[in-house]
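For ligands, and for the atoms within them, numbers begin at 1 and follow the listed sequence. Quick note: numbers below take in every heavy atom, side chains included, and nothing from hydrogens, waters or symmetry partners.
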Amino acid sequence: MLRVLVLVSGGGTNLQAIIDKVADGTVTNTEIVGVISNNYGVYSLERAANAGIPAEVVSPKDYPDRSSFNRALLAKLEDYKPDLIVLAGFLVVIPEIVIQKYEGRIINIHPSLIPSFCGTGYYGLHVHKAALERGVKVSGATVHFVDAGTDTGPIILQKAVYVEDGDTPEILQRRIMEQAEWEILPQAINLIARGEVKYVKKPDMRS
Ligand code: GRF
């Protein structure tokens, strides 16, 4: 069984998609061993509780500085002995000490077709606002492994979604979640659980 730990910051619709697809057998050989949120009071925590999954908060607000938060987060992750860490709308930049320990075992869902509309500052509605401002006719979502950069790790799955006349960032966000994110994030976990995806570190292109 692949031990999956899900990290969240908000409402947790992606978490719910994973829970549902593990429960109905679409995602095989997978156990969700825990949910960690960096925010108190978010609906993700209730979703975990409703599914009987242990959930807890590790908030930067509870630590005097970033490096002590980073160490606490790493210690908490280690408690769950995860085979795979899934960032499902987790808005904290993953600390270097976590990447060093778990590189190749962390995946993220990003709400655009990388390399468009990604990198620093492109999160939440900012992504969809930028896509609409640029006037793209197609956007979508990407599941990728997490490396030391922002949205730079190897891509696992992508799915395109049409932009429609009259879209607002909110409408486009919702369509991309429904048509792409909730589908490809569980699908990527299933591929990893079945051993059908292997992490290959990207070559360093700087030299
Ligand atoms: C999703 O759009 C995800 O791609 C982004 O944050 C949102 C999370 O939504 N990174 P939810 O908490 O899973 O509902």
Could you please provide the protein residues found below 4.0 Å of ligand 1 on a heavy-atom basis, arranged by chain and number?
G11, G12, T13, N14, G89, I109, P111, M177, E181
Can any side-chain N or O of H128 pair as donor or acceptor with the backbone N or O of S139 at less than 3.5 Å?
no
Which other residues belong to the hydrophobic cluster containing I36, where Ile, Leu, Val, Met, Phe, Trp and Tyr are joined when side-chain heavy atoms lie under 4.5 Å apart, directly or via other members?
L5, L7, V33, V58, Y63, F69, L73, L74, L77, Y80, I85, L87, F90, V92, I94, I97, V98, I99, Y102, I106, V146
When you look at CZ of R134, are more than 12 heavy atoms from neighbouring residues, nucleotides or ligands closer to it than 6.0 Å?
no
Main-chain N/O of G119 paired to T150 side chain as donor or acceptor, under 3.5 Å
no
Linked, directly or transitively: Y122 and M177 (ILVMFWY side chains, under 4.5 Å)
no
side-chain hydrogen bond (donor to acceptor under 3.5 Å, both in side chains) for Y162 and D167? Distances and angles first, verdict last.
CA-CA 10 Å; Y162 283 114; D167 272 355; over 6 Å; no
